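Heads up, the thing below is written out as structure tokens.
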Amino acid sequence: MHQVMGQVVRNRELAAGLWHLIVEAPEIAARAEPGQFAMLRVASGLEPLLRRPLSFYRIARHYGWLEFVYKVVGRGTQILTTRAAGDRLDLLGPLGRGWDLLPGTRRIGIVGRGIGIAPLIGLAEAAVRRGIAVEAFLSAREPQALLGLDLLRELGCGLYLHTERGEYSGRCREVTEHLEEAFEEEKPDQLFVCGSRRLGQAVLDFSRRRGVRSQISLEERMACGLGACIGCVTEIRAEDGREYRRVCKEGPVFWVEEVAMLYDR
Amino acid sequence: MHQVMGQVVRNRELAAGLWHLIVEAPEIAARAEPGQFAMLRVASGLEPLLRRPLSFYRIARHYGWLEFVYKVVGRGTQILTTRAAGDRLDLLGPLGRGWDLLPGTRRIGIVGRGIGIAPLIGLAEAAVRRGIAVEAFLSAREPQALLGLDLLRELGCGLYLHTERGEYSGRCREVTEHLEEAFEEEKPDQLFVCGSRRLGQAVLDFSRRRGVRSQISLEERMACGLGACIGCVTEIRAEDGREYRRVCKEGPVFWVEEVAMLYDR
Amino acid sequence: MTVNLTVKVAGIEMKNPLVTASGTYGFGQEYRDLYPPEVLGAVVTKTIRLRPHPGNPPPRVAEAPAGLINAIGIPSKGWDHYVREEVPRLRQLEVPIIQSIVGETLDEYVELTERLTELGFLAGIELNLSCPNLRAGGLSLGLDPDMVYELVRRVRAATDLPLLAKLTPNTADVVGLARSVQAGGADGIAMINTVRAMAIDLRTRRPVLGNISGGLSGPAIKPIALYQIWEVYEAVDIPIIGMGGATDYRDVLEFILAGARAVALGTVNFVDPSAAPRILRDLGRYLEENGIDDINDLVGAAHRT
Amino acid sequence: MTVNLTVKVAGIEMKNPLVTASGTYGFGQEYRDLYPPEVLGAVVTKTIRLRPHPGNPPPRVAEAPAGLINAIGIPSKGWDHYVREEVPRLRQLEVPIIQSIVGETLDEYVELTERLTELGFLAGIELNLSCPNLRAGGLSLGLDPDMVYELVRRVRAATDLPLLAKLTPNTADVVGLARSVQAGGADGIAMINTVRAMAIDLRTRRPVLGNISGGLSGPAIKPIALYQIWEVYEAVDIPIIGMGGATDYRDVLEFILAGARAVALGTVNFVDPSAAPRILRDLGRYLEENGIDDINDLVGAAHRT
Ligand SMILES: Cc1cc2nc3c(=O)[nH]c(=O)nc-3n(C[C@H](O)[C@H](O)[C@H](O)COP(=O)(O)OP(=O)(O)OC[C@H]3O[C@@H](n4cnc5c(N)ncnc54)[C@H](O)[C@@H]3O)c2cc1C
Ligand SMILES: Cc1cc2nc3c(=O)[nH]c(=O)nc-3n(C[C@H](O)[C@H](O)[C@H](O)COP(=O)(O)OP(=O)(O)OC[C@H]3O[C@@H](n4cnc5c(N)ncnc54)[C@H](O)[C@@H]3O)c2cc1C
Ligand SMILES: Cc1cc2nc3c(=O)[nH]c(=O)nc-3n(C[C@H](O)[C@H](O)[C@H](O)COP(=O)(O)O)c2cc1C
Ligand SMILES: Cc1cc2nc3c(=O)[nH]c(=O)nc-3n(C[C@H](O)[C@H](O)[C@H](O)COP(=O)(O)O)c2cc1C
Ligand code: FES
Ligand code: FES
């Protein structure tokens, strides 16, 4: 973990309210893994006070770059849009535990919705680099919000897309159907999901039925991001009942079958 | 009194830590008088929370411009330096009671030190416009901090200058000596002072001895600037003992003989 | 859709839930150039005293992170000046006027109440119970539930006007105080007053304020205000005028959700003196956009799941 | 010029007056990548309990104007876990360790103190007296001067280690609490803990925190902290570890001027996790530039004119 003043390489709007931010921060990039995140300080003053957690979208290690995609939802992300190339940005990272590609894995599915697609893109890249086949199940409000689509195409991933409006809105099907269809003949070795509880539940169900080892990336309100405040807990099903674990430290990636909220229907 | 979003015309450093700000705000400029002030909102968020009071330096009514000179002393004035031409600035004004040029006044002295010179410049302009002769007694740390010097020269004012360093540092004399010298033969009709308590005391002494009606502009910490909070009081010698008056409403300009702190040596 | 913004607080009909916080709006004249006081639900004026009082020595205000510390000390020019200078102008205002008062003794509270009631123009009286000078035993009166009960009871007997009790937040037991003023006969509660605080000037190495300590207001105290309002709402039946750091319509709605029937704007008046009409506009728009046709439906709604 | 930054607090020698605020620095491991804990004057660890406790349901944190509201609830994995997992790593640290504790009963405080004393490595024990669950009559224990006195007295008898009492700020009478802990035998006072507060989510129209209410920390409470420290400094002789919203060396100096002998960094660790070494550097520079050769000369200096 490092705290560095990175330099903004680029910060621009991809689609309405969706921004792509690239920051040069070689110390962090050198150690960052897909699924991990950074805490960004958006203001230099006291308002807003807390850092904002953003997952790594891509990690361009040879450039020393970290890429993020963020959705403007409140004050912090609003301020972030005002940062321009050349500006300094206080970053803390890499933080948390990233995705686990298990030894022997040959075929995976990534399941993402909306901004939840962001942390899956770096994973897809890493997987393809290791010769793992990737099927991507992505959904969003509108086609422009399907992050990293071109990249996934380039990488040769299988694509199963759904949007509420526009191009991919016709075949309005549940992700479960998509999963069944894609993996009818052969189950994937692992599934990776991020973006909504419903999606997580679908993946949990599928994974339990088919015996797939799957992971989910969770979000929780964070103060420190580095494990000190115990503020970001989620409930985990452990041997002896439920217990709280820190999303910033033991997560944000968890095994789906551990995550208590996926069982609360 | 108006609250308007003015537009910054110019904001640049005059000398180290001394900035000249011009804002277009015709509604306020139309009614502003020398010695009055405006409350500027330096940040759009909550930090810093309060507005900052700045005296009018010059009022360019036909342009609809307000000019300020401010010294960077803390957070608020620091933020103000980042405002550039074209930016919007939330202004409240004109506020308070300005200088009184009494009927029949033909010759005045303005006595200012440091940033305290600022509110005297608009007065000198107004006086000269009315055919009143102006002698200016100005002091500062260094020559560059003698605000409005060129303007006063153009206006044909008599100049008595003193700086701690540089050009005017040789003849290290008290303002009292300057006043005595300039007004040896004929006393001025009015003196106007701003910049330090010591200076105010010198003017009070001179005025009492020579029978001059003099005014001082005071500063006090302000919250509202418009008379509502009673936060900015100064002690005034009234008929029945001392009483507090609001610097933002009954001031910032007071008759020197009223101001209690000038008697506290 | 027409949205209902009118609320009834302690028997006072207000055309909307925005009122002024005592001490931040003078006697209704200072902001007139910017908007007419009549846009407000009610005007709560600066606390007055029976006898003249100079207030605290300057400096009286200091800035704090997202806050303001004041040690004004309730200066007052006394009753005669009030009647001569303020009352005629207050009578002109076509908006409910709630006069805030403080006494040096219980008798003074009663006396002021009687005199104010006789004037005949007021919509209500707010009892400022945060006066640290009025002591009962070692404790400041406003902190003692029994004394507060006694005070409200006595004032209650002296007037038919709606009575609001303004509680101090500097207590471990604001609920106890709230129950006491309700039992004493208050028609409503105003809360929160400022939180005891101070500032130190590193340059002079001395306290900034002439009075050494003062009261913190502004956004910094909003979470404290919300908490105390939440607790009091659960404990009493009389309506609450909530305040403490509201700066926009969202804050106002949070206060209402926590249990306030009206919300007072204080420090924000200094930050943005046009805050009241701005917030009012935004509030109306929010309700419309969210299909809420009566603001009263939101009062205390955060308590209901 | 060499500036003396060492301070002695409650008998604990610290190489500088910067310590950590309990609950914001874990058990000394979390910030190690950024700076060694050894740069600090002392490490105050997260409050522990004798028995396991899950803490509060999430969400546990919410942002506020210049502040943070937390309702962590002091989760604890209990004594055995502490001894097995934390103690070995704490022993490695070459900096005074002050362990914060809370009990469900007076006996638990005593029991924990005895066990901690036996471990032999601690520089001191901090009694977290703000546990709202431990009640004495209707009042939370930490608010009752008599109970607090009794608690400290009993713990005092159980250990020779320096004892710090961490007071709650949610009282009208922090001075009474301070006097009580001094009388009970505390060697020092830590203050302030968080201020009771809450946040409401306008979107869901519900409280943000799983626990509904929480405690406010950060810059927003600095003026409240300064005030309470000022008052306590005037009332007791034992040293104070001051905290509440410090974010830079100026804040730290303000706490010291108000009467703190050491200053704890809490919320700022989240905002700028390298805050401690930064502030330490600035502090040294300030003292040098201002010709102050011993920081102890500034302790309480704002009280002296
Ligand atoms: C591990 C992790 C990774 C994330 N990765 C991304 C990402 O790659 N792209 C992206 O757009 N968003 C991501 N988020 C969510 C993002 O952090 C929030 O949207 C952002 O903090 C909102 O800040 P704001 O000031 O704009 O909103 P505000 O609503 O003003 O924030 C108010 C407070 O709530 C907190 N908060 C609000 N929403 C969330 C949330 N969903 N999760 C956690 N805290 C929240 C903020 O941190 C802040 O303290 C991630 C969150 C976590 C926990
Ligand atoms: C009527 C009036 C007219 C003024 N005219 C000018 C002017 O023309 N040019 C100029 O440079 N300065 C002027 N000042 C002083 C100027 O307002 C302060 O220097 C400025 O507010 C400091 O803000 P800051 O955030 O930079 O400093 P900070 O020290 O960070 O301010 C902290 C707080 O203290 C208050 N404060 C600090 N110093 C003063 C002060 N001297 N007077 C009042 N409040 C203060 C600020 O408003 C703020 O609330 C005037 C002050 C008053 C009252
Ligand atoms: C400058 C100032 C003066 C105040 N004077 C009074 C007063 O005279 N009587 C009173 O009951 N409250 C007084 N208050 C408290 C406010 O009415 C209000 O309770 C408090 O400021 C919290 O609201 P806010 O954060 O919106 O300002 C004063 C507050 C300020 C800032
Ligand atoms: C997330 C968090 C957890 C805390 N946990 C504890 C705790 O376990 N024990 C304790 O005595 N104080 C705890 N505190 C209070 C701090 O130690 C400190 O008193 C308070 O936060 C004020 O300081 P600050 O504003 O610098 O954070 C906690 C504070 C925060 C923000
Ligand atoms: S955010 Fe502090 S422990 Fe996770
Ligand atoms: S600043 Fe409020 S009355 Fe002058």
Side-chain angles (χ1 to χ4, degrees), chain C residues 62-69 138-140 142-144 168 170-174 176 195-202 204-207 212-216 218-231 245 247 249-251 253-258 286 298 301-305, chain D residues 62 64-69 138-140 142-144 168 170-174 176 195-202 204-207 212-216 218-231 245 247 249-251 253-258 286 290 298 301-305:
Chain C
E63 209 176 27
L68 164 67
I69 314 177
L139 223 62
S140 145
L143 289 169
D144 182 338
T168 173
N170 300 297
T171 169
D173 185 24
V174 73
V195 180
R196 286 292 289 269
M198 82 179 285
I200 286 183
D201 186 332
L202 183 53
T204 62
R205 297 190 192 141
R206 288 285 303 152
I212 297 180
S213 76
L216 182 63
I221 66 168
K222 191 185 77 170
I224 303 172
L226 284 172
Y227 167 69
Q228 295 202 350
I229 291 166
W230 173 279
E231 293 282 299
T247 67
Y249 78 96
R250 282 188 228 96
D251 296 335
L253 286 164
E254 289 171 17
F255 279 109
I256 291 173
L257 292 167
Y286 174 89
L298 295 182
H303 295 257
R304 307 183 280 273
T305 26
Chain D
L68 164 67
I69 313 177
L139 223 61
S140 145
L143 289 168
D144 182 336
T168 172
N170 301 297
T171 167
D173 185 25
V174 72
V195 180
R196 285 292 287 270
M198 82 179 284
I200 286 183
D201 187 331
L202 183 53
T204 62
R205 297 190 191 141
R206 287 285 304 154
I212 297 180
S213 76
L216 182 64
I221 66 167
K222 191 185 78 168
I224 303 172
L226 285 171
Y227 167 69
Q228 296 201 349
I229 291 166
W230 173 279
E231 293 282 299
T247 67
Y249 78 96
R250 282 188 228 97
D251 297 335
L253 285 164
E254 289 171 16
F255 279 109
I256 291 173
L257 292 167
Y286 174 89
N290 288 272
L298 295 182
H303 295 257
R304 307 183 280 272
T305 26

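All values reported here derive from a predicted model rather than from experimental measurement. All chains are named by letter (A, B, ...) in the order of the sequence lines, taking the proteins before the strands, and each is independently numbered beginning at 1.
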Part of [X] lying under 4.5 Å from any heavy atom of chain C:
X	answer
D:Ile221	neither
D:Tyr286	side chain
D:Ile229	neither
D:Leu216	side chain

Open item on the list: For chain C, which candidate among D:Ala64, D:Ala225, D:Pro207 shows the most heavy-atom pairs at distances under 4.5 Å?
Closed with: D:Pro207

TODO: Could you have a look at D:Val195, D:Thr168, D:Thr247, D:Leu202 and say which one has the most heavy-atom pairs with chain C under 4.5 angstrom?
DONE: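 Looking at each of D:Val195, D:Thr168, D:Thr247, D:Leu202 in turn, D:Leu202 comes out on top.
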
TODO: Taking D:Arg196 for its side chain and D:Gly215 for its backbone only, find out whether a donor-acceptor pair lies under 3.5 Å.
DONE: no

Task: Nearest-0.5 Å distance that lies between atom OG1 in C:Thr171 and atom CD in C:Gln228 - done: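 Reported to 0.5 Å precision, the distance equals 8.0 Å.
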
Task: Separation between CH2 of C:Trp230 and CG of C:Leu257, rounded to the nearest 0.5 Å - done: 9.5 Å

TODO: Measure C:Ala301 against the heavy atoms of chain D and call it side chain, backbone, both or neither at under 4.5 Å.
DONE: backbone

Task: C:Met198 and C:Ile69, any side-chain heavy atoms less than 4.5 Å apart - done: no

Task: Side-chain heavy-atom pair D:Ile224, C:Ile224 within 4.5 angstrom cut-off - done: yes

Open item on the list: Restricting to non-hydrogen atoms, name the atom on C:Ala258 and the atom on C:Leu226 that form the minimum distance, rounded to 0.1 Å.
Closed with: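 Heavy atoms of C:Ala258 and C:Leu226 come nearest at CB-CD2, 4.0 Å.
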
Open item on the list: At a heavy-atom distance under 4.5 Å, which candidate from C:Arg205, C:Glu254, C:Lys222 has the highest pair count against chain D?
Closed with: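 Looking at each of C:Arg205, C:Glu254, C:Lys222 in turn, C:Arg205 comes out on top.
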
